[in-house]
Amino acid sequence: DTGRDLLGLQTGWAPGTVIVGEIMARTPAAQRWQDTHGGAVGIVAYDVLRVGDWRVYHGARDAGAPVPYRDVSRLPFAERIEVLRDLVRALPPQAARVVELVDVRERGFRGFCGEVLERGGEGLVLCDPGAPAGRGKAKCKRRDDVSALVVGVRDDVADLRLGAAGNGPGFSLVVPRGIDVAAGAVVDVAAIGFEASWKPRHGRIVRVRGDLTLRRIT
């Protein structure tokens with residue numbers, strides 16, 4: 001179900017082409033994406049490693065039917081994104097509905113970051129235009145640290161209320177490995193802004209605050 005609208009998709013690309021992207025399936029950002037794409041699960045593409053496949057190319061060439069083949073992973077990002085832009089631009093309508101090129105800007109980062117955060121995004125990825133694949137990318141995200149009171153734990157999910165005293169709105173987060181929480185503990189939560197109800201957006205537990213944790217007096 002995660003890739004229900006991508007499996008078997010006819011792109012028209014040479015067999016063996018490898019792109020890099022993010023499936024818009026289960027996150028809050030993915031839900032917003034689906035709301036604007038008729039409920040379809042899609043992929044936002046942000047890099048390309050190969051056009052075609054060497055083995056397919058040589059097999060088809062021997063049969064008299066050449067297949068494009070090009071390893072672009074060592075090209076600078078600026079050139080790879082142009083290759084990817086051409087691939088996405090050439091998609092047939094059905095594929096173009098669910099495969100989208102990431103929004104790429106070359107200037108005006110501060111204003112663009114504000115736009116992304118305003119519409120519920122996490123931030124930007126800064127790319128070195130001269131870097132080969134696998135290098136030259138850095139995440140640039142807003143981070144808000146807030147405290148929350150753990151009111152219950154079930155399996156690997158903690159139920160929390162915002163604020164060290166637990167007097168804010170309630171929400172739930174998965175407990176990361178290596179962090180041990182129990183009811184009554186106060187934890188720090190890293191978030192990327194807040195929903196209208198002041199629930200942390202894209203929240204994650206980062207540490208237990210032993211100095212703030214409530215202790216039962218007996």
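Starting from 1, each residue takes its place in the sequence as its number. Atoms considered below: every heavy atom in the structure, side chains included; atoms not considered: hydrogens, waters and symmetry mates. Computed from a prediction, not measured in an experiment: that's the story for all the values here.
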Aromatic Phe194 / basic Arg201 pairing, under 6.0 angstrom, 45° off normal
no
Decide salt bridge (charged side-chain N to carboxylate O under 4.0 Å, His left out) for Arg177 and Asp156; before the verdict, give the C-alpha distance in whole Å, the side-chain angles of both, and the deciding distance to 0.1 Å.
CA-CA 9 Å; Arg177 291 183 178 181; Asp156 60 347; over 6 Å; no
Would you call Asp35 and Arg32 a salt bridge, taking side-chain N to carboxylate O under 4.0 Å as the test?
no
May I ask you to test the Asp145-Val189 pair for a side-chain heavy-atom distance under 4.5 Å?
no
Please confirm whether the backbone N or O of Val157 pairs with a side-chain atom of Asp155, one donor and one acceptor, at under 3.5 Å?
no
Among residues at least two apart in sequence or on other chains, which ones pass side chain to side chain contact (heavy atoms under 4.5 Å, CB included) with Pro176?
Ile179, Ile205
So does Val151 get a backbone contact from the side chain of Asp159, meaning a donor-acceptor N/O pair under 3.5 Å?
no
Do you know the tightest heavy-atom contact between Ile19 and Ala45?
CD1-CB, 4.0 Å
For Asp5 and Gly42, indicate whether the former's side chain and the latter's backbone hold a donor-acceptor pair under 3.5 Å.
no
Side chain Arg143, main chain Ile192, donor-acceptor under 3.5 Å
no
Show the nearest heavy-atom pair for residues Ala185 and Val208, with the distance to one decimal.
CB-CG1, 4.4 Å
Show the nearest heavy-atom pair for residues Ala131 and Gly136, with the distance to one decimal.
CB-CA, 3.7 Å
Stepwise, does the side-chain contact (heavy atoms from CB on, under 4.5 Å) test hold for Val104 with Arg85?
CA-CA 10 Å; Val104 180; Arg85 184 176 281 115; 4.2 Å; yes
